[in-house]
Amino acid sequence: MFTGLVEEVGTVAAVIRAASGMDLAVNCRRVREKLAVGDSIAVDGVCLTVTALLPGGFAAQAVAETLARTTLGSFSPGRLVNLERAVRAQDRLGGHIVQGHVDGVAQVADMRARGQGKVMAVVVPEGARSLLVPKGSVAIDGVSLTVARLEDEVIEIWLVPHTLAHTTLGQKRPRDMVNMEIDILAKYVAQMLHPDERAGLSVDKLKGWGY
């Protein structure tokens, strides 16, 4: 489990693709400290397991299903990625509960300056609209964010200067694809209210969400 507070921006060092998935090497410094093989780590919001420790970072594997449901399949050497180690029981929960289980891939619709920050507009994947609320939480590429505005199938998120400086979101442009994870509390509530409809989503809508 994670909090959505990015610890470091790392760099993809190597990508090896195979029929069963992909091996990934990431260069980093801060998250490399006290990291061990078998630990969970969020890479752009995707929970992966550390398979090896490297002198300048770590290696992890992503199975074919993960590549199909996230942006990891488009990764190439040199890409910057948001990194967060798993939260410890005694840590402060400064963001919100993030599982690292991506619900779907969303598209950036607009990115515009607003004062010293930016406003990012994201087109919500089909079926997610009912699970989002204004001032509610959402994770984009592993970053815990607040929904500032919700209109039709688009959400607006205000990015403060700190977020722009310490994550990859400041570099996003319209048409870029990002990993989206809906607040787990919203999904549980929706499931309890609509037990026969899988959180109120139709079968067709669920196809793109890994159900």
Side-chain angles (χ1 to χ4, degrees), residues 1-103 105-106 108 111 117-118 120 138-145 159-173 175-181:
M1 188 176 73
F2 309 92
T3 67
L5 299 185
V6 173
E7 296 185 273
E8 179 180 3
V9 174
T11 305
V12 175
V15 173
I16 302 175
R17 291 180 172 82
S20 58
M22 181 177 78
D23 288 303
L24 180 73
V26 178
N27 287 337
C28 57
R29 296 181 61 183
R30 182 177 179 182
V31 302
R32 174 65 172 75
E33 299 174 4
K34 298 182 180 180
L35 198 64
V37 173
D39 284 354
S40 294
I41 188 165
V43 179
D44 265 5
V46 183
C47 180
L48 300 177
T49 299
V50 175
T51 57
L53 295 178
L54 307 175
F58 65 91
Q61 291 180 328
V63 298
E65 178 70 9
T66 300
L67 301 183
R69 302 298 182 184
T70 71
T71 61
L72 265 66
S74 66
F75 279 17
S76 59
R79 180 188 178 105
L80 299 179
V81 290
N82 296 318
L83 301 174
E84 182 189 355
R85 291 168 292 188
V87 66
R88 298 171 297 185
Q90 67 269 29
D91 287 343
R92 293 186 178 92
L93 187 61
H96 73 283
I97 297 174
V98 178
Q99 293 183 296
H101 301 163
V102 172
D103 290 301
V105 174
V108 176
M111 180 75 80
K118 290 185 177 181
M120 179 171 65
V138 66
I140 301 292
D141 273 356
V143 184
S144 175
L145 299 166
L159 303 175
V160 299
H162 181 85
T163 300
L164 297 174
H166 293 90
T167 74
T168 63
L169 296 186
Q171 302 176 24
K172 297 301 179 183
R173 299 292 181 267
R175 302 183 68 84
D176 283 351
M177 307 306 291
V178 293
N179 295 315
M180 176 179 283
E181 181 182 336

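What you are looking at is a predicted structure, and each value in this text was computed from that prediction instead of being measured.
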When you measure from the side chain of [X] to the backbone of [Y], do you find a donor-acceptor pair of N or O atoms at a distance under 3.5 Å?
{"X": "K118", "Y": "G170", "value": "yes"}
{"X": "R175", "Y": "R173", "value": "no"}
{"X": "E84", "Y": "T3", "value": "yes"}
{"X": "R85", "Y": "E33", "value": "yes"}
{"X": "E8", "Y": "C28", "value": "no"}
{"X": "R69", "Y": "V105", "value": "no"}

(request) Any chance you could measure L83, atom CG, to E7, atom CD, to the nearest 0.5 Å? (result)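 Here the rounded value is 8.5 Å.
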
(message) Can you tell me how far apart NE2 (H96) and CG (L5) are? Round to the nearest 0.5 Å.
(response)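 H96 NE2 to L5 CG: 10.0 Å, rounded to 0.5 Å.
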
(request) Kindly write out the residues that satisfy salt bridge (charged side-chain N to carboxylate O under 4.0 Å, His left out) with R79, not counting sequence neighbours, or none if the list is empty. (result)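 Listed in chain order: D44.
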
Closest non-hydrogen atom pair between [X] and [Y], with its separation:
{"X": "I140", "Y": "M180", "answer": "CD1-CE, 3.7 Å"}
{"X": "A64", "Y": "A19", "answer": "CB-O, 4.3 Å"}
{"X": "P77", "Y": "A14", "answer": "CG-CA, 4.3 Å"}
{"X": "M120", "Y": "L159", "answer": "CB-CD1, 4.1 Å"}

Hey, are the side chains of [X] and [Y] touching, using non-hydrogen atoms and a 4.5 Å cut-off?
{"X": "M1", "Y": "V98", "value": "no"}
{"X": "I16", "Y": "L24", "value": "no"}
{"X": "V81", "Y": "V12", "value": "yes"}
{"X": "S40", "Y": "F2", "value": "yes"}
{"X": "L169", "Y": "L145", "value": "yes"}
{"X": "V143", "Y": "T163", "value": "yes"}

(request) Answer yes or no: are there more than 12 heavy-atom neighbours, outside R30 itself, under 6.0 Å from its atom CZ? (result)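 Incorrect, the count does not exceed 12.
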
(message) Let's go through N27 and T11 carefully: what are the C-alpha distance in whole Å and the side-chain angles of both, what is the deciding distance for side chain to side chain donor-acceptor pair (under 3.5 Å) to 0.1 Å, and is it a yes or a no?
(response) CA-CA 5 Å; N27 287 337; T11 305; over 6 Å; no

(request) Report the C-alpha distance between D141 and K172 in whole Å, list the side-chain angles of each, state the deciding distance to 0.1 Å, and finish with yes or no for salt bridge (charged side-chain N to carboxylate O under 4.0 Å, His left out). (result) CA-CA 11 Å; D141 273 356; K172 297 301 179 183; 3.2 Å; yes

(request) Could you give me the CA-CA distance, side-chain angles and deciding distance for T167 and N82, then say whether side chain to side chain donor-acceptor pair (under 3.5 Å) is met? (result) CA-CA 6 Å; T167 74; N82 296 318; 4.5 Å; no

Table please: side-chain donor-acceptor pairs of residues 47-63 below 3.5 Å, with sequence neighbours left out.
unit_1: T51; atom_1: OG1; unit_2: A59; atom_2: O; d: 3.1
unit_1: Q61; atom_1: NE2; unit_2: D23; atom_2: OD1; d: 2.9

